[in-house]
Amino acid sequence: MAAMSAIRLENDLREYYLRKVAEGKNKMLVLNNVRNKIIHRAFAVINKQKPYEKNYINNLVTS
């Protein structure tokens, strides 16, 4: 139900859903991907104990 609500609102998950459906992906496949993204974001917020940041920048050093 959260994924269905997420794709109805104007946000990045809706943009992702519409882009993937326009590419020809199955709607249920993309909806499952949206569900997975919501779960990953929720667990990241819980594990880090910080509020969600839409424009998060990872500060890992890459060589």
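We use all heavy atoms of the structure for the numbers below, so side chains are in, but hydrogens, waters and symmetry mates are not. Owing to the predicted nature of the structure, the values given are computational and were not obtained by experimental measurement.
No more than 12 heavy atoms of other residues, nucleotides or ligands sit less than 6.0 Å from atom CZ of Phe43.
Val34 is not connected to Leu9 by any chain of hydrophobic side-chain contacts under 4.5 Å among Ile, Leu, Val, Met, Phe, Trp and Tyr, and they are in different clusters. By the criterion of side-chain heavy atoms lying less than 4.5 angstrom apart, applied directly or through intervening Ile, Leu, Val, Met, Phe, Trp or Tyr residues, Met4 is grouped together with Leu18 in one hydrophobic cluster. Hydrophobic clustering (ILVMFWY, side-chain heavy atoms < 4.5 Å, transitive): Ile38 and Val45 are in distinct clusters. Residues Leu29 and Val21 do not share a hydrophobic cluster, defined by chaining ILVMFWY side chains whose heavy atoms lie under 4.5 Å apart.
Taking the charged nitrogens against the carboxylate oxygens, Asp12 and Lys37 have no contact shorter than 4.0 Å, which rules out a salt bridge.
Inter-residue side-chain proximity for Lys27 and Ile7 is flagged as unmet; no heavy-atom pair is nearer than 4.5 Å. Here the side chains of Arg14 and Asn11 are in contact, with some heavy-atom distance below 4.5 Å.
To the nearest 0.5 Å, atoms CG (Asn33) and CE (Met28) are separated by 10.5 Å.
Across all non-hydrogen atoms, the minimal contact from Val30 to Tyr17 is CG1-CD1, 3.5 Å.
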